[in-house]
Asker: 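Please find one structure pasted underneath; my questions will follow.
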Amino acid sequence: MKATVHVTLKNGVLDPQGKAVQHALASLGFDGVNGVRQGKFIELELSETDPARARESLEAMCQKLLANTVIEDYSIEVK
Amino acid sequence: MKSAVIVFPGSNCDRDVQVALRQSMGGEPKMVWHGEASIPEVDLIVVPGGFSYGDYLRSGAMAAHSPVVRDVVAKARKGVPVLGICNGFQILTEAGLLPGVLMANAGLKFVCRDVYLSVEATDTVFTGAYEKGQVIRIPVAHHDGNYFADADTLKRLRDEDRIAFRYVDADGGRANGANPNGSIDDIAGVLGDRRTVLGMMPHPERLADPILGGTDGRPLFDGLVAALAS
């Protein structure tokens with residue numbers, strides 16, 4: 001089954017890369033972009049077929065490796 | 001003193017550390033490849049700088065889960081001193097041996113220049129050869145050296161005197177521009193809770209020989225030998 005994980009910076013953590021993207025958009029003429037925060041998108045192909053077990057496994061993956069929980073949040077989607 | 005230097009695919013400061021250790025020890029450190037599940041019995045383990053695993057996912061994230069780092073953690077828990085330099089510092093935070101995290105430099109640029117550090121904690125095997133408050137010149141070379149810890153952790157680090165180095169200007173002052181990466185409280189190096197694990201972003205091994213233009217990094221290695229050689 002397919003799963004996707006979004007890893008994003010926690011609120012309040014400075015995101016200079018997001019800011020840089022925001023400035024670049026402005027200089028390209030795109031008005032009204034009041035904030036940009038950048039994250040990671042990870043796609044996984046799992047051999048697990050039970051969604052609950054997959055989710056449990058993915059939780060552990062995020063806690064252990066995919067996200068640094070000091071500064072990052074994550075959200076999991078199982079298809 | 002016996003020492004080990006861990007080498008990952010992508011490490012590139014391992015040989016500079018080897019040279020600095022050899023100079024101070026008068027003997028050869030053991031270079032340990034990341035695939036080894038166990039490190040020999042040593043008095044000091046060094047995790048050197050570089051781009052282990054290409055900084056994939058996050059700097060130090062993959063290295064932190066390699067078999068050799070599992071043994072670094074086990075030995076650190078038994079009290080073996082561990083020194084993490086630059087990527088080594090990143091690996092030690094990802095492995096949970098040090099609190100906090102190293103984020104991208106606030107200025108978004110890779111910074112490669114000499115900085116001045118104030119040695120804040122001198123009661124450790126790493127910093128015993130410096131004076132408290134001594135200002136030393138050491139190079140940095142990093143893209144992700146922006147140390148961050150939450151308010152509780154920062155308070156604990158301050159209360160327990162675990163901030164080992166801070167970025168300062170040449171006169172020891174906390175000026176604008178002294179901090180190359182935006183790290184919180186100008187932190188350049190941090191100690192573990194038993195003061196036997198040190199992580200630092202600057203590279204003492206790169207300024208430990210007059211031919212390199214300075215020797216302010218040498219006392220770190222001399223101090224280790226003085227403290228750990230039996």
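Per chain, numbering begins at 1; letters A, B, ... match sequence-line order.
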Asker: Counting backbone as well as side chains, what donor-acceptor pairs lie under 3.5 Å between chain B and chain A?
Answerer:
from   : atom 1 : to     : atom 2 : distance (Å)
L57(B) : O      : K40(A) : NZ     : 2.7
R58(B) : NH1    : L65(A) : O      : 2.9
R58(B) : NH1    : L66(A) : O      : 3.2
R58(B) : NH2    : L65(A) : O      : 2.8
H65(B) : NE2    : K64(A) : O      : 2.9
E94(B) : OE2    : N68(A) : ND2    : 3.0

Asker: Which bit of L9(A) is near chain B, if near means a heavy-atom gap under 4.5 Å: side chain, backbone, both or neither?
Answerer: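 For L9(A), there is no contact with chain B at all, as no heavy atom is under 4.5 Å.
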Asker: Using the side chain to side chain donor-acceptor pair (under 3.5 Å) criterion, which residues pair with S3(B)? Sequence neighbours excluded.
Answerer: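 Testing S3(B) for side chain to side chain donor-acceptor pair (under 3.5 Å), a comparison that skips the adjacent residues, returns none.
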Asker: Answer yes or no: are there more than 12 heavy-atom neighbours, outside F41(A) itself, under 6.0 Å from its atom CZ?
Answerer: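 Buried by this count: over 12 neighbours within 6.0 Å.
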Asker: Is the CZ atom of R174(B) crowded by more than 12 outside heavy atoms at less than 6.0 Å?
Answerer: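 Yes, CZ of R174(B) has more than 12 neighbouring heavy atoms, counting only those of other groups under 6.0 Å.
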Asker: Between I71(A) and chain B, with a heavy-atom cut-off of 4.5 Å, which part of the residue counts as in contact: side chain, backbone, both or neither?
Answerer: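 I71(A) touches chain B through side-chain heavy atoms alone.
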Asker: Please give me the minimum heavy-atom distance between P16(A) and A106(B), naming the atom from each residue.
Answerer: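 Closest heavy-atom pair between P16(A) and A106(B): CB-O, 3.6 Å.
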Asker: If I measure from the heavy atoms of chain B, does V13(A) come under 4.5 Å with its side chain, its backbone, both, or neither?
Answerer: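 The side chain, not the backbone.
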Asker: What do you reckon, is OH of Y130(B) surrounded by more than 12 foreign heavy atoms closer than 6.0 Å?
Answerer: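 Check passes, neighbour count above 12.
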Asker: With only heavy atoms counted, which part of L108(B) is less than 4.5 Å from chain A, the side chain, the backbone, both or neither?
Answerer: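 Side chain of L108(B) only, per the 4.5 Å heavy-atom cut-off to chain A.
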